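Heads up: the structure comes next, in C-alpha cells.
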There are 2 protein chains.
Amino acid sequence: MNITEVLREHGYKVTPQRLAVYEVIDQNKTHPNAEAIYKELQPRYPSMSLATVYKTMEIFAKIGVVQILQCEEESHRYDFNVSPHAHIRCTICNRVDDVNVDMEALKQQAADETKYKVNGVGVSFTGVCAACQKK
Amino acid sequence: MNITEVLREHGYKVTPQRLAVYEVIDQNKTHPNAEAIYKELQPRYPSMSLATVYKTMEIFAKIGVVQILQCEEESHRYDFNVSPHAHIRCTICNRVDDVNVDMEALKQQAADETKYKVNGVGVSFTGVCAACQKK
DNA sequence: GTAATTGCAAACTGTTTGCATAAAA
DNA sequence: TTTTATGCAAACAGTTTGCAATTAC
C-alpha cells in the first residue's frame, strides 16, 4: 500500500508525522495502542505529540488503512490488517495475536437470528499464551 | 437467585442499596450501563450515588451475579444472564440484544489454533435493529 | 497565499479511590 | 462494638478538542 497516494486520494495532506506513524504500524503484528506507537516514535521524532498519533489513527481508520480493536482492555489497539478477524490477548503479558474465525458465518447467524441488519462483528478472546504458560 | 444469601455467602453485607441495584438488573434484558441503573434508581432512592452503583456492580460481577459486556461503546453494560453468549447493538437506538452463538466452539477453535490456554471470549455485533430499519 | 496540520494544554468521559460518616451484623 | 458500606469529591486513564503557530501544497 502506498500511503502517500491513499492520503492524497482522500484529500489529506502528506506530512512527516503521518508517514512516521504509518511506518510504525505497517506490517506490525503487535497490535500497538496509541501510547505504544507514540513511545516507539519518541527517539526518532521527539517533537511528535500523542494527540497527533490519535488524530492520525482516526484518519487511518476512516480511510481503511487500519482497524481499531477492543481487546477487553482500557485502550484501543490498531491493526494494519483490516480484514475482519478475531484476536486473543494474553492476560499475563498483554500480547495480542490474530485468530482465524469465520466472521462472515457469525454475521450471517446473527442476522438470521435477530433480524438486525448486521454491519460489524468483533471477536476477542483472553487467555494465557504459550510462553507465559511455561513460566 | 436469592441475592441476600449470595451476598452473605461471600462475606458481603446486605444493604438497601445492593438490594435496590439487584432489583433493577434482575431479569433486565436491556443490558443497562452504570448510568442507566443510577438514573432508574434516582426517583426511588434519591440518596444513592453513582459510585455505589459501580462498587456494587464490581461485587456482583465478582460473585457471579452479573457479567460485564463491552459492546464497542465507551461504557460497560451489565447482564444478569451470566452464561456466555453474544450481543448485538443497534447503532441507531443503542439497544443491545442477546445472540445465541456457540461460544465453547469458538474457544476450542482459538485454543487449537493459537496454543493459548483460552479463558474468556467476547462476541459483539453492531447493526441496525428491525425497528430502526423501518424508520 | 490558503487551507490543513501540528503540538500544547485544557477539557471531557467513564470509572476508581480516599475518607469521614453511617449502617450492618 | 467492630467492621463494612455509603456518598461525596477528588483523582485517574484514555481520548478529544480549541487554538495559535507552522507546514503542505
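In what follows, chains carry the letters A, B, and so on, assigned in the order in which the sequence lines appear, proteins first and then strands, with residues in each chain numbered from 1. These numbers were taken from a predicted model, which means no experiment stands behind them.
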*Taking only side-chain nitrogens and oxygens of A:Y54, does any of them come within less than 4.0 Å of OP1 or OP2 of D:dT15?*
yes
To the nearest angstrom, the NZ-P distance between A:K62 and C:dT5 comes to 10 Å
Rounded to whole Å, CD1 of B:I59 lies from C1' of C:dA24 at a distance of 14 Å
Query raised in the report: A:Q17 near the nucleic acid: base, sugar-phosphate alone, or nothing, with a heavy-atom cut-off under 4.0 Å?
Result: sugar-phosphate
Computed from five pairs at either end and rounded to 10 degrees, the angle between the axes of the helix from C:dG1-D:dC25 to C:dA25-D:dT1 is 30°
(Q) Checking the side chain of A:Q17 only, and the main-chain atoms of A:M48 only, is there a donor and an acceptor separated by less than 3.5 Å? (A) no
Nearest-nucleotide check on DNA chain D, B:S47 vs A:L50; residue mapping nearer the 5' end is B:S47
Whole-Å distance, A:Q70 CD to D:dG14 P, equals 14 Å
Considering only heavy side-chain atoms of B:S75, the closest of C:dA3, D:dT15, C:dG14 is C:dG14
**Prompt:** According to a strict under-4.0 Å criterion, is B:H76 in side-chain N/O contact with OP1 or OP2 of C:dG14?
**Reply:** no
Checklist entry - Under the 3.5 Å rule, do the base of C:dA3 and the side chain of A:K13 count as making a donor-acceptor pair? => result yes
Please determine whether a side-chain nitrogen or oxygen atom of B:R18 lies at a distance below 4.0 Å from atom OP1 or OP2 of D:dT6.
yes
Would you tell me if any nitrogen or oxygen in the side chain of B:T15 comes within less than 4.0 Å of OP1 or OP2 on D:dT6?
yes
Counting C-beta onward and ignoring hydrogens, is there a side-chain heavy-atom pair between B:Y116 and A:D97 closer than 4.5 Å? yes
Notebook entry, point to check: Between B:Q133 and A:K115, is there a donor-acceptor pair closer than 3.5 Å when you use the side chain of the first and the backbone of the second?
Noted result: yes
Per atom distances to the B:R8 side chain, the nearest of D:dC8, D:dC19, C:dA25 is C:dA25
B:M57 atom CE is separated from C:dT17 atom P, nearest whole Å, by 17 Å
Testing D:dT15, C:dA25, D:dG14 for proximity to the side chain of A:A34, the answer is D:dT15
- Task: Record whether the side chain of B:K55 comes under 3.5 Å of the base of D:dT6 through a donor-acceptor pair of N or O atoms.
- Result: no
task: Could you tell me whether a side-chain N or O of A:N28 sits under 3.5 Å from a main-chain N or O of A:V24, the two making a donor and an acceptor?
output: yes
A:N33 CG to D:dA13 P, in whole Å, measures 14 Å
Out of C:dA23, C:dC8, D:dG7, minimum distance to the side chain of A:S49 belongs to C:dC8
Inset, instruction - Output yes when a side-chain donor or acceptor of B:T114 lies under 3.5 Å from a complementary backbone atom of B:A110, and no otherwise. - result: yes
Separation of C:dT16 atom P from B:E35 atom CD, nearest Å, is 14 Å
Side-chain contact check for A:Y12: nearest option of C:dT17, C:dT5, C:dG14 is C:dT5
Is there a donor-acceptor pair closer than 3.5 Å between any side-chain N or O of A:T126 and the backbone N or O of B:G120? yes
Note: for A:P16 and A:E58 on DNA chain D, the residue whose nearest nucleotide lies more 5' is A:E58
B:E74 CD to C:dT15 C1', in whole Å, measures 13 Å
Item checked: Sidechain-backbone polar pair: A:R89 side chain, A:E72 backbone, donor-acceptor under 3.5 Å -> yes
Atom OH of B:Y38 and atom P of D:dT6 are separated, to the nearest Å, by 14 Å
>> Below 30° counts as parallel, above 60° as perpendicular, anything between as tilted: where do the rings of A:H85 and A:H31 land?
In response: tilted
